Colleague: 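Dumping the structure here so I can ask a few things about it.
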Amino acid sequence: TALVTGGGSGIGRASALLLARLGARVCVVGRTQDKLDETVALATEAGSPAMTTAVCDVREPEQVDAMLDAVLADLGRVDILLNNAGGQFVSPGELVSYNGFRAVARLNLEATWYLTARVAERSMLPAGYGKVVSITMSPHRGTPGMAHSSAARAAVESLTRTLAVEWGPRGVRLVAIAPGFVHTE
């Protein structure tokens, strides 16, 4: 079973479709039902197993908790969590407002942490099995106009390393992937 955030477009959609094609039961999560329905339609057209959807703003802990209640009731467990929901805007570092920085950190770091911790607590750690993949960006060389996103994504990489050490002996594996150019819309 797989839970894919940001599953209505881009990397999330492509990953959800691949997981479904490989036989996983997939729930795609996003803020817009129409986009999630498009992902499901593409999976259906490809002959993949039924895919479910969950509308959820992953920045809101109450919505995450309610979404997990529904997903766990439907799927029974989450074996794979793909943290793909994210976003940013281009701006010179000195012009990023406090609220702009906070918004990017909230989506890219805080939401990733909260969802990962809750899925681990409620499904993966009790089962002694799980895989968490977090999509980041490569902030190691510095990316002009992306100070806010680079800081949040670097924090996700550090969080991933720390949780991998904590949870690895308990059967939960974590990895952060920083793709370069992506050939999706």
Side-chain angles (χ1 to χ4, degrees), residues 2-16 19 28-32 35-36 54-68 78 80-125 130-170 172-185:
L3 181 64
V4 178
T5 67
S9 64
I11 294 170
R13 175 178 281 167
S15 298
L19 287 164
V28 288
V29 177
R31 292 183 297 159
T32 308
K35 288 187 171 200
L36 298 174
V55 174
C56 176
D57 183 339
V58 294
R59 297 171 293 189
E60 302 299 334
E62 300 81 19
Q63 288 188 36
V64 169
D65 293 338
M67 178 269 297
L68 282 178
V78 175
I80 300 167
L81 170 62
L82 176 62
N83 287 309
N84 173 69
Q88 60 273 322
F89 54 90
V90 177
S91 177
E94 73 276 13
L95 299 179
V96 176
S97 69
Y98 174 82
N99 287 339
F101 192 96
R102 225 15 227 120
V104 169
R106 189 169 172 236
L107 175 57
N108 294 305
L109 171 59
E110 293 175 24
T112 297
W113 161 76
Y114 189 77
L115 181 57
T116 300
R118 297 298 67 83
V119 168
E121 173 191 44
R122 295 181 64 184
S123 183
M124 293 178 175
L125 291 169
K131 296 185 187 318
V132 178
V133 178
S134 296
I135 304 297
T136 66
M137 59 180 272
S138 185
H140 303 286
R141 291 190 194 111
T143 305
M146 291 290 181
H148 51 330
S149 187
S150 293
R153 307 296 180 121
V156 169
E157 289 183 2
S158 183
L159 175 69
T160 299
R161 283 190 295 273
T162 300
L163 295 177
V165 171
E166 282 187 29
W167 298 344
R170 297 165 68 190
V172 179
R173 308 291 191 249
L174 296 94
V175 65
I177 298 174
F181 289 102
V182 178
H183 300 285
T184 67
E185 75 282 355

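Owing to the predicted nature of the structure, the values given are computational and were not obtained by experimental measurement.
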Colleague: Looking only at heavy atoms, what is the nearest atom pair of Leu36 and Gly7, with distance?
Modeller: CD2-C, 4.1 Å
Colleague: Going by salt bridge (charged side-chain N to carboxylate O under 4.0 Å, His left out), name the residues that satisfy it together with Arg102, two or more places apart in sequence or in a different chain.
Modeller: Glu110
Colleague: Out of curiosity, Trp167 CH2 to Glu121 CD, how far, rounded to the nearest 0.5 Å?
Modeller: 9.0 Å
Colleague: What's the separation between atom CG in Leu3 and atom CE in Met67, rounded to the nearest 0.5 Å?
Modeller: 5.0 Å
Colleague: Considering all heavy atoms of both residues, which atom of Thr136 and which atom of Ala178 are nearest to each other, and what is their separation?
Modeller: OG1-CB, 3.5 Å
Colleague: Does the side-chain contact (heavy atoms from CB on, under 4.5 Å) test come out yes or no for Ser134 and Leu174, once each step is laid out?
Modeller: CA-CA 8 Å; Ser134 296; Leu174 296 94; over 6 Å; no
Colleague: Identify which one of Asn108, Thr5, Thr116 satisfies the side chain to side chain donor-acceptor pair (under 3.5 Å) criterion when paired with Asn83.
Modeller: Thr116
Colleague: Under the side-chain hydrogen bond (donor to acceptor under 3.5 Å, both in side chains) rule, collect the residues that match up with Arg173, sequence neighbours excluded.
Modeller: none
Colleague: How long is the straight-line distance from CD of Gln63 back to CG of Asp57, given to the nearest 0.5 Å?
Modeller: 5.0 Å
Colleague: Is it the case that atom CZ in Arg59 sees more than 12 heavy atoms from other parts of the structure closer than 6.0 Å?
Modeller: yes
Colleague: Please name the pair of heavy atoms, one in Arg31 and one in Cys56, separated by the smallest distance, quoted to 0.1 Å.
Modeller: CG-O, 3.7 Å
Colleague: How far apart are the C-alpha atoms of Lys35 and Val28, what are their side-chain angles, what is the distance that settles it, and do they pass the side-chain contact (heavy atoms from CB on, under 4.5 Å) test?
Modeller: CA-CA 10 Å; Lys35 288 187 171 200; Val28 288; over 6 Å; no
Colleague: In Å and rounded to the nearest 0.5 Å, what is the CH2 to CZ distance from Trp113 to Arg118?
Modeller: 6.0 Å
Colleague: Taking C-beta and beyond as the side chain, do Val132 and Val119 meet within less than 4.5 Å on heavy atoms?
Modeller: no
Colleague: How many angstroms lie between atom CG of Leu82 and atom CD1 of Ile11, to the nearest 0.5 angstrom?
Modeller: 8.5 Å
Colleague: So which atom in Gly6 and which in Asn84 form the shortest heavy-atom distance, rounded to 0.1 Å?
Modeller: O-ND2, 3.2 Å
Colleague: Which atom names give the shortest non-hydrogen contact between Leu19 and Ala2, and what distance separates them?
Modeller: CD1-CB, 3.9 Å
Colleague: Compare every heavy atom of Gly100 with every heavy atom of Ser97, then report the nearest pair and how far apart it is.
Modeller: OG-N, 2.9 Å
Colleague: Of all residues at least two apart in sequence or in a different chain, which pass the side-chain hydrogen bond (donor to acceptor under 3.5 Å, both in side chains) check with Thr112?
Modeller: none
Colleague: Does the side chain of Leu115 come within less than 4.5 Å of Leu68's, by heavy atoms?
Modeller: yes
